[in-house]
Amino acid sequence: MAGPGHRTRFFDHRLPPLYAGRHTVTVDHTITGDSRVGDDLLPDLQQVFAVRQPRFQLLPEDVAACYPLPGAQGEYGTLLPHITLTRAGFPWFHLLRGAKAGAPWLALLVFRAGELPEDPQAVGQVTVSTAAQLAAGQVLPGRPPTLDPPLYDDERELTVTTVLVPGPLFTAVCPTTYELGMLAHIREGGPPDATRTVGQDPPPDEADLKAVAVSGRFPGNAGMHVCHLVSLDGFEDYLDGKTRPPAEGLRMVSLHSWAFTSTDDGKAGFGETVHHLATAPDPLLRLDGLPATSDVPLALDLLRQGGTVLPQNLESGEPTVGFYRGPFTAAPMHKPPQGTGTRLESAGEGLVYLEDLGAYDTGYAVAFSLGRGLALADSGFRSALVAYRKAARRATRRLLAFPELSALSERDAAGINTRVARRAFDRLLGDDGPLISALARPGAEMKAGGRRPAARTAAVAPMSVDRLRTAVTDTSIRSVLSAAVRTELGPVQTWLARLARLEMVPLGYLVPDERLLPHESLRFFHVDTAWIQAAVDGALSVGEGHALDADLNDLARETARIPQPVSGVLIRSELLTHWPDTILTAFGGGSEITPVRQQTLGDDLHILLYKQVVDRFAIGEPPQGLHFGLSFNNTTELRSIVPPVGQAVDDFPADGSGYGQFLRPGGHDVLDIEHRLAPALAAALNVGKLSSAQFALQLVKAPLLQEFTANPASEPASEPTEGTL
């Protein structure tokens, strides 16, 4: 989103100093200055030499990636398959006879089921032979390539894989020599380039340059497909429509092949799905279609905040209806209800009576009851809570009995409950302790049994509850007390933190009405921290025997420093089911924020909670690398070829008419790059013609990104608010 990204650049080609093949060096002499000496004094010399490059095999390590992935199944009808090669110059090792420099000697051809006679299922079946058998025409049927230069001796026994391509099919799907150059390029994906300035490109990273060959044919919407990277060396006569291929077809060398399945399940793609989420009339978590005004403004206000109306039974047994709000609200909430103090002691204290409506707002009461119910249902938490209170009471008594312990550091404070007896024994053995004093007495006195009278000390005052409560609230010993029970408090804190993140809260409490979150929707919300606090109060109310336990609950709540979320996003969509690696990013105050909870509930519901208000949210298509093809609306992004290079300018075609107009006739879904697409792109970019790198830039199908921004308008509320999402 913000900051530099990885640099990706495209280059047209990598032409070798000499193409593969046989070359001749001729040396002649010209003598000037002496007419008596003829130029034929020294004969001309010729030296024939060969430049060797592979032309029958491609090693596994030469292939960096293929797309679609081998064996993959997905919706590929609008993507152009491609292959990435680790040797950047490989497609340009050989120069096809009659072709211009820059045209590769190989092409990536895509075939559908039923098109290849020897591979009717399009699963990748090939014919294996030696290079000598292929050159001799012994691999039948199909015309073999006319090799120039002929086979070298060490090539004759090379294993070669070939595929039979019918002549009409070859003519329909094979690119022209011009299109071959447009469908191959060099790609560089170097390290982050934060210092790049306009007009000052760094030199290419040689170690990261790779060659890319792209098919000019779209796969069908359904069925098996096979891709073959074929050699065109020896088939120049059949390119550009010069000569019709023979009836028996062409026996072509397949350097690499893979198969995949293209499907059309009738479901919306990523672009359509996320676009639907972005066009919702109201992105806030509340009922749709609420009126602008009402005769009962308070009731309308409660509904706008995300509340709903549910049946309620009063304590007297009378049935009625009440408003319920979960922790997720469409606007910042009212101030929380006031009970007997800073915490709720019972569910009844959480009821808010709405006098104008004659009904209750039950949100906080329900939260208290839920927290209490969750705590009662968890025996591990109940045991941990009891153990914490017991340890805290014991530590408090010892701090009162030994005031000097309150000066302990937090590191030593944990030993209050276990080391007091040891410290007392240490004092007994000390230099001024009673034992040393007794041993220093005369032997006769000790033998006679004489004893010194024990010093009278005042009776220890009983540890009353009020005195213990005073100690618990004393700030001078509060930190030591907290450290003393750290071990017992840990499980309690962990459980309360999960409750604060609403991990244990059933969905019905979070979204009480299904109409608040319909299918294929995205909703923003605030989190009512008072609702979470009420649930925590309910959980800590379990096992309270007296007021001291309530004070210890406050200590646990304060010490835990529970990170409570304040906003979030709910996504109910098949988006994350079909694209599980979708990138969800939230921003607050211009900076990216990390969710405190990110979880998928069920099959299609995703919840994200954040510690600050989200003012911008983005959904990014899973980045599976740079691919080539069309967007969900059958267009591509027109990208600038002048600085800033690559910046999206507009959709292409601008009128939204789609790419059907740029296909060859015949129904094979092959792009007519030379006569239709390339001229149209050049005209749209106001240039005479495009290079292969510029052409590739226009066909890049970058991952889609849909942004949602905050609504700056404040929602009406019965209490002042800080604004709404």
Side-chain angles (χ1 to χ4, degrees), residues 55-56 58 80-83 91 94-99 103-129 134-135 137 139-148 160-184 213-220 223-259 662-677:
R55 53 176 173 170
F56 296 111
L58 190 64
L80 295 173
H82 69 273
I83 183 172
H94 302 270
L95 180 62
L96 297 176
R97 177 168 34 88
W105 59 282
L106 43 79
L108 183 63
L109 303 183
V110 177
F111 302 103
R112 301 171 182 173
E115 292 184 340
L116 296 178
E118 297 177 342
D119 187 16
Q121 302 301 319
V123 295
Q125 290 182 339
V126 293
T127 300
V128 180
S129 67
L134 174 66
V139 185
L140 298 174
R143 181 168 298 180
T146 302
L147 299 177
D148 183 21
V160 178
T161 59
T162 60
V163 59
L164 175 64
V165 181
L169 181 63
F170 175 84
T171 302
V173 303
C174 185
T176 65
T177 52
Y178 169 82
E179 292 172 344
L180 288 173
M182 299 296 282
L183 290 170
V214 185
S215 172
R217 185 187 191 188
F218 293 103
M224 290 290 296
H225 293 72
V226 61
C227 296
H228 286 278
L229 183 66
V230 299
S231 169
L232 299 175
D233 187 17
F235 295 113
E236 291 90 344
D237 292 340
Y238 309 116
L239 299 176
D240 300 328
K242 299 173 185 175
T243 305
R244 181 179 299 178
E248 69 267 27
L250 302 179
R251 175 65 59 178
M252 307 191 73
V253 175
S254 176
L255 299 167
H256 189 79
S257 64
W258 76 96
F662 304 123
L663 298 178
R664 293 182 183 177
H668 288 85
D669 296 324
V670 179
L671 288 173
D672 187 350
I673 299 172
E674 182 172 2
H675 303 103
R676 300 185 182 186
L677 179 56

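In this text the structure is predicted, and so the values were computed from the model without any measurement.
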Intermediate values then yes/no, side chain to side chain contact (heavy atoms under 4.5 Å, CB included), Q125 and V123: CA-CA 6 Å; Q125 290 182 339; V123 295; 3.9 Å; yes
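For R97, the salt bridge (Lys or Arg N to Asp or Glu O under 4.0 Å) partners two or more places apart in sequence, or in a different chain, are E236, D237. A search for side-chain hydrogen bond (donor to acceptor under 3.5 Å, both in side chains) contacts involving S215 returns nothing, not counting sequence neighbours. Every residue two or more places apart in sequence or in another chain was checked for a side-chain hydrogen bond (donor to acceptor under 3.5 Å, both in side chains) with H668, and none qualifies. In this structure, the ring pair (Phe, Tyr, Trp, His ring centres under 6.0 Å) partners of H225, at least two apart in sequence or on a different chain, are F260. Shown here are the ring pair (Phe, Tyr, Trp, His ring centres under 6.0 Å) partners of F662, two or more places apart in sequence or in another chain: F652, Y659.
Residues L134 and P145 have side chains in contact (heavy-atom distance under 4.5 Å, counting atoms from C-beta outward). Considering only heavy atoms from C-beta on, L116 comes within 4.5 Å of L169 through its side chain. In this structure, the side chains of P144 and M252 stay at 4.5 Å or more apart for every pair of heavy atoms. Here the side chains of T127 and V139 are in contact, with some heavy-atom distance below 4.5 Å. The side-chain heavy atoms of V226 and V163, taken from C-beta on, include no pair separated by under 4.5 Å. Between R143 and E248, the closest side-chain pair of non-hydrogen atoms falls below 4.5 Å. The shortest side-chain heavy-atom distance between L671 and F218 falls under the 4.5 Å cut-off. Side-chain contact between R55 and L147 is present, with at least one heavy-atom pair separated by less than 4.5 Å.
With rounding to the nearest 0.5 angstrom, the CG atom of L677 is 8.5 Å from the CG atom of D672. For the atom pair H228 NE2 and L106 CG, the distance stands at 14.5 Å (nearest 0.5 Å). Separating the OG atom in S254 from the CZ atom in F56 is a distance of 13.5 Å, to the nearest 0.5 Å. Note that the NE2 atom of H82 and the SG atom of C227 stand 10.5 Å from one another [nearest 0.5 Å]. Interatomic distance, T162 OG1 to L250 CG, rounded to the nearest 0.5 Å: 11.5 Å. Atom-to-atom distance recorded for L229:CG and S257:OG is 9.5 Å, nearest 0.5 angstrom.
Judged by distance alone, the side chain of R112 and the main-chain N or O of M224 form no donor-acceptor pair under 3.5 Å. R217 places a side-chain N or O within donor-acceptor distance of the main-chain N or O of V110, the cut-off being under 3.5 Å.
Of all heavy-atom pairs between G142 and L164, the closest is CA-CD1, 3.6 Å. Of all the heavy atoms in W105 and P91, the pair that sits closest is CD1-O, 2.9 Å.
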Would you be so kind as to tabulate the donor-acceptor pairs closer than 3.5 Å made by side chains of residues 170-177, with sequence neighbours excluded?
unit_1 : atom_1 : unit_2 : atom_2 : d
T171   : OG1    : G167   : O      : 3.2
T176   : OG1    : E179   : N      : 3.1
T176   : OG1    : E674   : OE1    : 2.8
T177   : OG1    : D240   : OD1    : 3.4
T177   : OG1    : D240   : OD2    : 2.8

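The neighbour count for Q121 CD, taken as heavy atoms of other residues, nucleotides or ligands under 6.0 Å away, does not exceed 12.
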